[in-house]
Amino acid sequence: MDRSGSHVAETAFKSLARHVQDTEAYTIIEDTLKMICKVIVVNPLDLICNCYGSHVLRSLLCLCKGVPLDSPEFHGAKGSKVLAERLNLKVAHLDGNDSQHLQQGFPSLLKFLVSGMMNCTKEDMKTLQVDQYSSLVLQTALKLLAGNDQELLHIIPVLLGCNKEILAEGKFDMIVAGETVESMKEPAFSHLMEVILEVAPESLYNDMLTKLLKNSLFELSSHPCGNFVVQALISHARTKDQMELIWEELGLKFADLFGMGRSGVIASLIAACQRLQTHEYKCCEALATAVGSKNETSKFIVPRILFLESYFSYEDKSSWSWPGGAKMHVMGSLILQAIFKFQSEWIQPYILSITSMDAEHVLEAAQDARGARVIEAFLASDASTKQKRRLVVKLRGHFGELAINLSGSFTVERCFNAGNLSLREAIASELLAVRTELSKTKQGPHLLRTLDIDRYATKPDQWRSKQASKQSAYNEFFVAFGSSESKSTKRNKLLYNASMDTSEHEELNIKKDIDGSLISTSVVDDTSSEKKGRKKRKRDVASEDAVGSNKAIEKAVKNFLSSSTPDKKRHNASKQRLKI
């Protein structure tokens with residue numbers, strides 16, 4: 001607990017950690033740690049609540065588990081990764097028994113140390129709940145025990161100030177329950193509750209939702225600290241019934257939550273509805289209602305969500321207009337990205353809104369990293385090709401300047417993929433004009449290579465033919481096997497599972513197969529024609545591309561069938577269909 005001495009203790013633990021893999025030293029290290037743990041559990045309160053002691057104790061817990069001692073994940077750090085997991089942008093993987101860098105540890109000592117600390121501090125739990133340093137220790141212990149349901153079922157009720165039986169039966173003392181919920185508004189306990197909800201076994205999570213937190217969700221959502229507890233609760237909902245209970249309390253409160261600056265709660269709610277495939281249309285409808293009235297057209301929806309803070313802080317909302325030069329709202333951008341992953345029939349007002357934006361506003365959005373992500377999400381959505389191109393044409397004349405910007409280069413590539421041949425050529429010509437400058441940027445070489453700008457510069461007719469062949473290959477393939485848009489329902493069902501966006505990856509792999517085959521065919525054609533002289537090189541490019549296109553389709557079909565349709569009869573039938 002000494003400022004300098006704590007560094008000595010941590011250095012000693014790091015030294016031991018380097019020798020854990022040594023089988024001869026393992027027993028000696030275990031005996032040493034056992035003596036230390038026995039001393040700690042006699043009177044752990046002062047150590048847990050001490051600034052320096054808390055850090056040393058977290059390192060000891062990590063050593064017992066076998067994870068890196070300086071891992072920020074187990075030292076209470078919470079950053080963008082947590083937000084990404086809550087919004088389905090990253091698959092959650094926290095499991096103390098399956099850590100990425102798990103080494104040999106001392107599981108029995110970890111169990112002894114944590115249970116010993118809990119038993120000796122039961123009477124002081126109210127103090128531990130709201131203390132900054134004890135909260136960090138308890139968060140680390142819970143994360144390291146993730147997946148160990150037996151231990152968690154014993155520890156979590158203690159942390160909530162009750163026991164497992166009382167929690168399961170819902171026999172809370174109303175005063176104690178009220179105090180527990182009130183404590184969730186404290187910074188330390190709100191952080192601890194987030195981790196509790198993250199690691200809680202399903203039965204315990206359900207008990208906390210139905211017996212402890214029910215009818216308190218909006219109150220907590222309104223609080224600067226308590227709203228993070230609600231976000232964690234929503235993000236870790238397991239069933240549609242649980243989401244139904246949450247929706248009953250928050251589903252009609254979107255406008256109120258936006259007005260209080262609690263957009264994170266709404267973002268978590270939308271993401272959870274996507275993940276569990278429930279209340280999707282209601283989410284889209286509630287969000288549109290929150291940022292407008294029934295008397296207004298839907299064209300204002302997307303701009304207002306892009307500038308959430310500006311819009312909801314404006315006194316006369318009916319006269320609000322696009323705040324030129326202002327930064328777009330992070331959470332507003334994330335909400336729109338989530339919305340454009342819903343089925344197109346549910347998000348027509350949002351599609352109409354983004355395609356109705358003025359050209360200068362579309363450009364400003366594309367130049368802002370947050371707005372650019374929204375445009376990319378729209379271009380990757382189930383909206384029709386015609387609707388997507390209506391937006392892309394508004395950026396005409398600005399693709400060069402966008403490509404030079406790192407975030408804008410992704411938008412340019414999305415626009416290129418969504419465009420028809422004339423739009424693609426317009427983008428290619430604009431990139432050709434800035435090719436020298438673009439090639440010096442980090443993203444430039446990749447973009448120039450992906451869009452085949454060098455070929456466009458030297459052989460524009462061949463470039464056009466290749467683009468037409470690619471599009472023809474895609475069209476013929478999806479005529480035979482169904483387009484990605486026809487599988488939108490299936491993709492939404494698979495959205496955000498452990499096999500996240502499976503159908504999108506499948507389509508991307510098919511496109512890569514076709515593109516790769518067309519490129520390799522082109523290389524072969526170019527090489528052979530060089531050997532046969534200038535006269536041979538002047539052969540009809542279109543006929544070569546037709547052959548290349550057919551080979552590309554056949555190769556892509558073979559890859560697709562070999563990975564997804566092992567049935568021989570189905571394989572032969574597909575080949576026969578391709579020949580016809």
Side-chain angles (χ1 to χ4, degrees), residues 1-17 20 27-67 69-71 74-76 96 105-146 148 150-164 166 176 179-180 183 186-193 195-196 199:
M1 292 189 289
D2 179 75
R3 180 176 182 178
S4 301
S6 62
H7 291 287
V8 177
E10 288 205 63
T11 304
F13 288 149
K14 290 177 182 178
S15 177
L16 291 177
V20 168
T27 304
I28 300 173
I29 295 173
E30 184 177 27
D31 291 340
T32 304
L33 294 178
K34 187 180 293 184
M35 287 189 289
I36 295 173
C37 291
K38 285 181 178 179
V39 173
I40 290 173
V41 297
V42 172
N43 184 22
L45 185 62
D46 293 339
L47 183 64
I48 294 174
C49 297
N50 180 269
C51 173
Y52 309 111
S54 167
H55 204 284
V56 174
L57 189 50
R58 280 175 272 154
S59 296
L60 176 58
L61 288 166
C62 289
L63 178 59
C64 290
K65 181 62 184 179
V67 300
L69 271 62
D70 54 355
S71 171
F74 296 105
H75 272 275
F106 307 90
S108 60
L109 283 181
L110 177 65
K111 179 180 176 181
F112 171 77
L113 180 57
V114 175
S115 60
M117 289 191 299
M118 291 295 100
N119 291 332
C120 294
T121 55
K122 279 183 181 179
E123 303 301 323
D124 302 293
M125 195 51 63
K126 287 185 179 179
T127 301
L128 296 181
Q129 286 177 347
V130 298
D131 182 80
Q132 174 186 353
Y133 302 112
S134 62
S135 174
L136 292 170
V137 172
L138 296 172
Q139 288 175 54
T140 298
L142 289 170
K143 289 177 181 179
L144 293 172
L145 290 171
N148 190 337
Q150 185 177 355
E151 288 299 309
L152 292 171
L153 287 170
H154 170 71
I155 293 170
I156 291 176
V158 174
L159 294 176
L160 296 176
C162 64
N163 59 49
K164 179 183 173 183
I166 291 177
V176 174
E179 290 176 350
T180 303
S183 297
E186 295 291 331
F189 193 43
S190 70
H191 288 307
L192 180 58
M193 272 303 301
V195 179
I196 288 174
V199 303

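Just so you know, residue 1 is the first one in the sequence shown, and it goes up from there. These numbers come from a predicted model, not from an experiment.
- In this structure a side-chain-to-backbone donor-acceptor pair under 3.5 Å is present from Ser6 to Arg3.
- One distance of note links CD1 of Ile48 with OG1 of Thr127; it measures 11.5 Å at 0.5 Å rounding.
- Side-chain contact between Leu145 and Lys111 is absent, with no heavy atoms from C-beta onward closer than 4.5 Å.
- Side-chain contact between Asn43 and Cys120: absent, with no pair of heavy atoms (C-beta onward) separated by less than 4.5 Å.
- Using a distance-only test at 3.5 Å, with no hydrogens or angles considered, no donor-acceptor pair links the side chain of Ser15 to the main chain of Thr11.
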Pair Leu136-His55, side-chain contact (heavy atoms from CB on, under 4.5 Å): steps then yes or no
CA-CA 8 Å; Leu136 292 170; His55 204 284; over 6 Å; no

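- How far CG of Leu113 is from SG of Cys37: 4.5 Å, rounded to the nearest 0.5 Å.
- Judged purely by atom type and a 3.5 angstrom limit, Ser134 has no side-chain atom pairing as donor or acceptor with the backbone of Val130.
- Residues Leu138 and Gln129 form no side-chain contact, since every pair of their non-hydrogen atoms from C-beta on lies 4.5 Å or further apart.
- The two residues Leu69 and Cys62 make their nearest non-hydrogen contact at CA-CB, 4.1 Å.
- No side-chain heavy atom of Lys122 sits less than 4.5 Å from a side-chain heavy atom of Met125.
- Between Val114 and Glu151 there is no side-chain heavy-atom pair separated by less than 4.5 Å.
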Yes or no on side-chain contact (heavy atoms from CB on, under 4.5 Å) for Leu142 and Leu159, after CA distance, side-chain angles and deciding distance?
CA-CA 11 Å; Leu142 289 170; Leu159 294 176; 3.8 Å; yes

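- Interatomic distance, CG of Leu153 versus CG of Asn148, reported as 9.5 Å (0.5 Å rounding).
- Between Tyr133 and Cys49 the shortest heavy-atom distance is CD1-O, 3.7 Å.
- Pairing each heavy atom of Ala188 with each of Asp131, the nearest pair is CB-O, 3.5 Å.
- Considering only heavy atoms from C-beta on, Phe189 stays 4.5 Å or farther from Leu128 through its side chain.
- Taking CG from Leu16 and OG from Ser59, the interatomic distance works out to 12.0 Å, rounded to the nearest 0.5 Å.
- Looking at every heavy atom in both residues, Asp46 comes nearest to Met1 through O-SD, 3.6 Å.
- Note that NZ of Lys65 is 13.0 Å distant from OG1 of Thr140, once rounded to the nearest 0.5 Å.
- In summary, the side chains of Ser135 and Gln139 do present a donor paired with an acceptor at a separation below 3.5 Å, with no hydrogens or angles considered.
- Considering CG of Asp70 and CZ of Phe13, their distance stands at 14.5 Å, rounded to 0.5 Å.
- In this structure the side chain of Val8 never reaches within 4.5 angstrom of the side chain of Asp2, judged on heavy atoms.
- Side chains of Phe112 and Lys38 form a contact here, defined as non-hydrogen atoms less than 4.5 Å apart.
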Evaluation steps, side-chain contact (heavy atoms from CB on, under 4.5 Å), between Leu57 and Leu60
CA-CA 5 Å; Leu57 189 50; Leu60 176 58; 4.3 Å; yes

